[in-house]
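A short write-up of the structure that comes next.
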Amino acid sequence: MGIEILSLLLVAVLFGALALGLWVGFGLIAVGLVAMMLASSAPAELVFGTKVWGALNIWDLTALPMFIWMGEILFRSRLSSNMFSGLAPLTGRLPGRLLHANIFGCALFAAVSGSSAATTATVGRMSVPELTKRGYDDRMIIGTLAGSGTFGFLIPPSIILIVYGAATEQSIARLFLAGIGPGILLAALFSGYTMIWALMNRERMPEREPATSWGEKLRAITLLGPTILLIVAVIGSIYAGLASPTEAAVVGVLGALILSAIGGSLDWQGTWEALRGATITTCMIAFILAGAAFLTVAMGYTGIPRALAAWIGEQGYSANLLLAALVVFFVILGMFLDGISIVVLTTSVILPMVLAAGIDPIWFGIFLVLVVEMSQITPPVGFNLFVLQSITGRSIFEIARYAFPFFLLLVLATAILTLFPEIALWIPQTMLAR
């Protein structure tokens, strides 16, 4: 069977499995089994067992459940509400005022949760009722929250960066550090757009509230202190070389438990629910990784990745042209699959082409996450859209329309990162030099 026909058949099997409602992990395994049966005489069951064990028996992956658990603890604690209350007095004098609390709140919570959905849900449950009550424009309330909620994928500790690092055998510590600069860039772009919108639409902004005193600002900083302390403990320990990502994850869980206990906001029931939620999410991701690992080796037997990489090389595409094509490809794929599934499903085929084009795999990981962030706010399967629908009661397409300016800002951030790759690579390179 020719590679072209085999490729089309495997794509049909994958979409057929997903259309039947199979879990993504099962779908990947099904494609791998078909590929093995058609392209190799090797025993599929032996290859499956060996490859899955090797893919999951990786020490760095132990950071995954710990960071998920940390986010679940914070999601159920008073720390998240204190964070929003602390941001509100500090943003009152900026054009756009409390709309910036959505942006900076998501950035801060992303830095201690690692999950886009958890970031959107946590900040949204606090900010949407408060901003609506104060008369802010619904479009900007929902738009800033939808866009900023995607920070959970990029700002470390990012769960999807751990998955990418495990799938491509890249340093998770370097990926974490590479996400800091682009995360700051995105927050600055979103905040800048909000200021410009507020200045151009003064009639749609509520009346300015009384100025906050220095005492109120000091109390706000005090409320933010625990969150900032936790961020410094997790990310700072990695940057200083004091801890690996796995050890930093343990520090994060202990810190979250201690801060929640001190605040009296997490009881035994909440602790059990946080552990249960982290276990379910971890098992789901591990199952996808297992299926992707088997599919990767099965694809190796078919020769499709090598043929595709060779074909791309023969076309003489520049690196920028290749990246532009990948943006379109990933955005379309993101309309039907969640972010983690996109990463594990495509890296085995895409990475050889990327390396052949001379693109740094650490930089490409950040690029990939930025593009996957776009899929979080594109219908019909934009996960942040579902979260916001449950919070606001609006339709998916209405929320997507409000989020569209921030989708364009994500495209702009991707272009800036392509023109200035040092935004992502400078911090990991300084860490390596040390």
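Note that the numbering runs from 1 along the sequence shown for the chain. Computed from a prediction, not measured in an experiment: that's the story for all the values here.
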If I take atom [atom1] from residue [X] and atom [atom2] from residue [Y], how far apart are they, to the nearest 0.5 angstrom?
X	Y	atom1	atom2	answer
I141	R134	CD1	CZ	11.0 Å
R174	I427	CZ	CD1	14.0 Å
L94	F104	CG	CZ	6.5 Å
T414	L323	OG1	CG	10.0 Å
L321	L326	CG	CG	9.5 Å
I423	L185	CD1	CG	5.0 Å

Taking the side chain as every heavy atom from C-beta outward, state whether [X] and [Y] have any pair of such atoms under 4.5 Å apart.
X	Y	result
I350	F364	yes
V354	P361	no
L275	T271	no
W363	P182	no
P156	L177	no
V250	L254	yes
V369	Y164	no
L161	I172	no

Open item on the list: I need the single residue from L388, L410, T120 that forms a side-chain contact (heavy atoms from CB on, under 4.5 Å) with I377. Which is it?
Closed with: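 Going through the options one by one, the only one that passes is L410.
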
Open item on the list: Using the rule side-chain contact (heavy atoms from CB on, under 4.5 Å), only one of D360, I366, L417 pairs with L425; which is it?
Closed with: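 With L425 as partner, D360, I366, L417 yield a single side-chain contact (heavy atoms from CB on, under 4.5 Å), made by D360.
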
- [ ] Show your working on side-chain contact (heavy atoms from CB on, under 4.5 Å) between F330 and M374 and close with a plain yes or no.
- [x] CA-CA 9 Å; F330 283 124; M374 299 177 197; over 6 Å; no

- [ ] Please determine, by modelled atom types, if N102 and S127 share a side-chain donor-acceptor pair under 3.5 angstrom.
- [x]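 The criterion, which ignores hydrogens and geometry beyond distance, is satisfied for S127 and N102.
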
Open item on the list: L145 vs V128, test: side-chain contact (heavy atoms from CB on, under 4.5 Å). Steps then yes/no.
Closed with: CA-CA 9 Å; L145 184 59; V128 170; 3.7 Å; yes

Please set out all donor-acceptor pairs under 3.5 angstrom arising from side-chain atoms of residues 188-206, sequence neighbours excluded.
unit_1: S191; atom_1: OG; unit_2: H100; atom_2: ND1; d: 2.9
unit_1: T194; atom_1: OG1; unit_2: F190; atom_2: O; d: 2.9
unit_1: N201; atom_1: ND2; unit_2: W197; atom_2: O; d: 2.8
unit_1: R204; atom_1: NE; unit_2: D137; atom_2: OD1; d: 3.4
unit_1: R204; atom_1: NH2; unit_2: D137; atom_2: OD1; d: 3.4

TODO: List the steps, then state whether side-chain contact (heavy atoms from CB on, under 4.5 Å) holds for R401 with E398.
DONE: CA-CA 5 Å; R401 190 170 71 252; E398 184 180 10; 3.9 Å; yes

Quick one: closest heavy-atom pair of [X] and [Y], and the distance?
X	Y	value
L259	P226	CD1-O, 3.6 Å
P65	A278	O-CB, 4.4 Å
S260	I73	OG-CG2, 3.6 Å
G149	C106	N-SG, 3.8 Å
T150	G147	OG1-O, 2.6 Å
A413	L186	CB-CD2, 3.6 Å

Open item on the list: Check whether T132 reaches the backbone of P129 with its side chain - one donor and one acceptor, N or O, closer than 3.5 Å.
Closed with: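 Answer holds: no.
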
- [ ] Mark yes or no for whether S237, through its side chain, and V234, through its backbone, hold a donor-acceptor pair below 3.5 Å.
- [x]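 Checking the backbone N and O of V234 against the side chain of S237, a donor-acceptor pair under 3.5 Å is found.
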
- [ ] Under the side-chain contact (heavy atoms from CB on, under 4.5 Å) rule, what do L370 and L154 come out as? Steps first, then yes or no, please.
- [x] CA-CA 7 Å; L370 271 175; L154 181 62; 4.0 Å; yes

